[in-house]
Amino acid sequence: MSAAGYRSAPITCPNCKTRFAAPVVTIVDAAQDPEAKAMLLSGQLNVAVCPNCGHGGILSIPLVYHDPDKEILFTHVPPELGMAELEQQRVVGDLTNRVMSSLPAEKRKGYLLRPRSFMRLDAMIEAILEAEGVTREMLEAQRAKGALLERLLRTPGAEARQIIAQENDDQIDYEFLQLLSLNLQLAQAQGQEGAAQQLATLRQQLLAWTQVGKEVTARQEAIRELGPQVSREELLEKLVAAAEAGDETRIETMVAVARPLVDYAFYQQLSERIEAAETAGQRDQVHRLKELRQQILDLTAEIDAEMQQIAKESSDLLERILSSDDVEQAVRENLPDLDQFFMELLSENMRAAERAGDRQRIEALQQVADTLMRLIEESQPVQIRFINELLSADYPSGTLALLEERRTLVNEELLGLMELVEQDLTEENRAELA
C-alpha cells in the first residue's frame, strides 16, 4: 500500500445530487503500491460511481506520485478546485512530507525537495509513462481502452452494448480484459457492490460477444475438460478429437496444462495410432495425426524454452533478494514479480538447503518466505484474508467459530467473492481447493 493508502471522501453526484462516500488515493508510491500505479496509468484511480444513478468519473483530488527507483516525485493539484497558491503549497507540502516520512533516512534524497508539478493529470501520466519508456502510440492505445471500457459501462442495454463491443472487437484484447478484471478487483476490495456487479456482468458479456472472449472461454472449457487427474491415454484422445475439430485453442491449452504427460510414452502411443491408420489405409487420418504430432512437438519446445527463461529469471531474482541488505524492502519492491512459480522455486531451494544441511541458507530462505507471505497477506482485501482463514481452519468447528466471530463480514459481497475465487481455482485445475 502507498504511503497514504485509501481514505474515504464525501462525494456529491453532479447528475442526481446524491451524497455518498468514495475511497480516494492522494499518494501513489510505485514501489510500495504497484496496483495503485497501474490504476493511475490506466485512468481508473480515484474513479467514483454514484450508487443511485450509476454516473461516474475521475474525481478532482490532489495527488502525489513517487517512484524511488527512478527518483521521481510528481504533484498534481486540479485547477478546478480553485485553491489559492498558499493553500496549494500547504496541501502539496503535507503530501510530500508524508512521502519523505515513510522512507528510511538513507532513502531520503535531494529529488524529494524538488517535486515537479502538473496542472493536468494526463500530463503527469504522460511524464510517468515517458520515464517508463512507453511511447505516445502505446499511451494512446491504453487511453482508448480506458475510454472504451467507460463507454461500455455507461451503455445500459445489452443489445446496444453488444453492438459497441463487436464494432470495437479489435480493441478488446487480453490487455482490455485484464484492465476490466483489475477494476473489478478494486471495486470488490473497496466494497462498491454495485460497480463490482456491473463490471462482472460486462466481463461475462464480453466473453460471449468478442473474439478474445471466446478464446478465453475456450481455454477455460479445455482446462475443465481435462479435469484434475487426466491420464496420457485420455489426453491423447482429447487432443485427437480437438485436431479433428480443427480447434487450435483447445490443443494449445491442453498441451500447456498437461505438459508433464507429454513424454516418451505419450509420443509412443501417438506413433502407434499413426501406424494403425497407415495399416488401415486411412490417409487423411495419418496426415492429421502427423500434423498433430508436429504441432505438439513445436508447442512443447516453445513451452520448455519459456519455462527455462522464467526459471532463470526467478532464480536470479531470488539470489538478488537473498544478497540484499534489506530483505523486506527487496521483497516489497519485487512483489509483483513474486508469483506462484517463484514460490515453488523458493520451496525447492529450501528443500535443497535442508538436504545439504546448510543452516545459514535455510534461515535466509525462511526469512524471504515469511516476509513474502506477510506482505501478500497485508496487500489482500480483508474479505480475501477471511476466506484464507476459513480454508485454513478445522472444519466444521473451526470454520463455524470464525464465521460467528466475523459475523459482520458474512454478506452477499463475501459470497460473490468466494464464487470468483472458486471459479479461478477451477480454471487453474485446483479442483480440491475449489
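As the structure is a computational prediction, the values presented were derived from the model and not from experiment. Computed over heavy atoms, backbone and side chain alike; hydrogens, waters and symmetry mates excluded.
Remark: the backbone N or O of Arg320 is not paired with any side-chain donor or acceptor of Ser324 at under 3.5 angstrom. Arg98 places no side-chain N or O within donor-acceptor distance of the main-chain N or O of Ser101, the cut-off being under 3.5 Å. Between the side chain of Asn46 and the backbone N or O of Val25, at least one donor-acceptor pair lies under 3.5 Å. Between the Asp169 side chain and the Gln211 main chain, a donor and an acceptor come within less than 3.5 Å of each other. No donor-acceptor distance shorter than 3.5 angstrom exists from the side chain of Gln32 to the backbone of Arg332, with no hydrogens or angles considered. Judged by distance alone, the side chain of Asn168 and the main-chain N or O of Ile164 form a donor-acceptor pair under 3.5 Å. Under the 3.5 Å distance criterion, the side-chain polar atoms of Thr253 are left unmatched by any main-chain donor or acceptor of Arg250. Distance alone, capped at 3.5 Å, is enough to place a donor-acceptor pair between the Thr217 side chain and the Gly213 backbone. The closest donor-acceptor contact from the side chain of Ser314 to the backbone of Ala311 lies at 3.5 Å or more, if one exists at all. A donor-acceptor pair is defined here as one N or O able to donate and one able to accept, closer than 3.5 Å; no such pair exists between the side chain of Glu363 and the backbone of Gln360.
The distance from atom CG of Asp122 to atom CG of Leu129, rounded to the nearest 0.5 Å, is 11.0 Å. We find the CG-CD distance between Leu297 and Gln295 to be 10.5 Å, quoted to the nearest 0.5 Å. Rounding to the nearest 0.5 Å places NZ of Lys145 at 10.5 Å from CD of Gln178. Of the inter-residue distances, the one linking Gln198 atom CD with Leu184 atom CG reads 11.0 Å to the nearest 0.5 angstrom. For the atom pair NE2 of His76 and CZ of Arg120, the computed distance is 10.0 Å after rounding to the nearest 0.5 Å. Rounding to the nearest 0.5 Å gives a distance of 6.0 Å between CG of Leu112 and CG of Leu103.
The closest side-chain heavy-atom distance from Ser102 to Met100 is not below 4.5 Å. Counting only heavy atoms from C-beta outward, the side chains of Arg259 and Thr300 approach each other to under 4.5 Å. The closest side-chain heavy-atom distance from Pro260 to Phe266 is not below 4.5 Å. Annotation: side chain of Asp67 is not in contact with side chain of Leu73 (no heavy-atom distance under 4.5 Å). Side-chain contact check for Leu317 versus Phe342: some heavy-atom pair is nearer than 4.5 Å. Counting only heavy atoms from C-beta outward, the side chains of Val212 and Leu206 never approach each other to under 4.5 Å. Put simply, the side chain of Ile61 does not reach to within 4.5 Å of the side chain of Pro78, judged on heavy atoms. Two residues are said to be in side-chain contact when any heavy atoms from C-beta on lie closer than 4.5 Å; Met350 and Arg355 fail this criterion.
A donor-acceptor contact closer than 3.5 angstrom is absent between the side chains of Asp304 and Gln308.
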Next item on the list: Any chance you could lay out the side chain to side chain contact (heavy atoms under 4.5 Å, CB included) test for Val230 and Val257, step after step, and finish with the verdict?
Entry: CA-CA 11 Å; Val230 66; Val257 172; over 6 Å; no

Next item on the list: Report the C-alpha separation of Glu234 and Lys238 in whole Å, then their side-chain angles, then the decisive distance to 0.1 Å, and conclude whether the salt bridge (Lys or Arg N to Asp or Glu O under 4.0 Å) test is met.
Entry: CA-CA 6 Å; Glu234 290 169 334; Lys238 294 178 187 301; over 6 Å; no

Check: Passes side-chain hydrogen bond (donor to acceptor under 3.5 Å, both in side chains), Ser60 versus Glu80? Steps please.
Finding: CA-CA 7 Å; Ser60 295; Glu80 56 267 28; 2.7 Å; yes

Next item on the list: Determine, step by step, whether Arg90 and Glu87 satisfy the salt bridge (Lys or Arg N to Asp or Glu O under 4.0 Å) criterion, reporting the C-alpha distance in whole Å, the side-chain angles of both residues, the deciding distance to 0.1 Å, and the verdict.
Entry: CA-CA 5 Å; Arg90 186 192 66 77; Glu87 178 65 9; 2.8 Å; yes

Check: When you look at Val255 and Ile303, which way does the side chain to side chain contact (heavy atoms under 4.5 Å, CB included) test go after all the steps?
Finding: CA-CA 9 Å; Val255 172; Ile303 292 167; 4.0 Å; yes

Notebook entry, point to check: Does the side chain to side chain contact (heavy atoms under 4.5 Å, CB included) test come out yes or no for Tyr111 and His66, once each step is laid out?
Noted result: CA-CA 10 Å; Tyr111 74 93; His66 178 227; 2.7 Å; yes

Note to self: Run the side chain to side chain contact (heavy atoms under 4.5 Å, CB included) test on Asp370 and Arg374 for me, step by step, so that the C-alpha distance in whole Å, both residues' side-chain angles and the decisive distance to 0.1 Å come before the verdict.
What the structure shows: CA-CA 6 Å; Asp370 292 344; Arg374 177 167 54 80; over 6 Å; no

Note to self: Assess the residue pair Thr201 and Gln197 against the criterion (side-chain hydrogen bond (donor to acceptor under 3.5 Å, both in side chains)); give the C-alpha distance rounded to whole Å, side-chain angles, the decisive distance to 0.1 Å, and a yes or no.
What the structure shows: CA-CA 6 Å; Thr201 299; Gln197 182 59 50; 3.3 Å; yes

Checklist line | Stepwise side-chain hydrogen bond (donor to acceptor under 3.5 Å, both in side chains) check, Asn349 with Arg361 | finding: CA-CA 9 Å; Asn349 273 263; Arg361 186 167 175 83; 2.9 Å; yes

Next item on the list: I would like to know whether Lys37 and Asp29 meet salt bridge (Lys or Arg N to Asp or Glu O under 4.0 Å); could you show each step before the answer?
Entry: CA-CA 7 Å; Lys37 174 185 174 182; Asp29 190 297; over 6 Å; no

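Taking every heavy atom of both residues into account, Ala242 and Ile251 meet most closely at CB-CG1, 3.7 Å. Across all non-hydrogen atoms, the minimal contact from Ile296 to Tyr267 is CG2-OH, 3.4 Å. The nearest pair of heavy atoms linking Pro62 to Met83 is CG-CE, 4.2 Å. Scanning both residues, Leu152 and Ala165, for their nearest heavy atoms gives CD2-N, 4.1 Å. Heavy-atom minimum distance, Cys16 versus Cys13: N-SG, 3.4 Å. Taking all atoms of both residues into account, the shortest heavy-atom contact from Thr155 to Ala160 is CG2-CB, 3.7 Å.
No more than 12 heavy-atom neighbours from other residues, nucleotides or ligands sit within 6.0 angstrom of CD on Glu130. Other residues, nucleotides and ligands place no more than 12 heavy atoms under 6.0 Å from the OH atom of Tyr264. Applying the 6.0 Å contact sphere to CD of Glu313 captures more than 12 heavy atoms from other residues, nucleotides or ligands. Under a cut-off of 6.0 angstrom, the local environment of CD in Glu159 is sparse, with at most 12 non-hydrogen atoms contributed by other residues, nucleotides or ligands. Shown here is Asp170, whose CG atom has more than 12 heavy atoms of other residues, nucleotides or ligands within 6.0 Å. By the neighbour-count criterion of 12 heavy atoms within 6.0 Å, atom CD of Glu302 is sparsely surrounded, having that number or fewer from other residues, nucleotides or ligands.
Seen from the ring of Phe74, Arg116 counts as a face-on cation partner, given the 6.0 Å and 45° thresholds.
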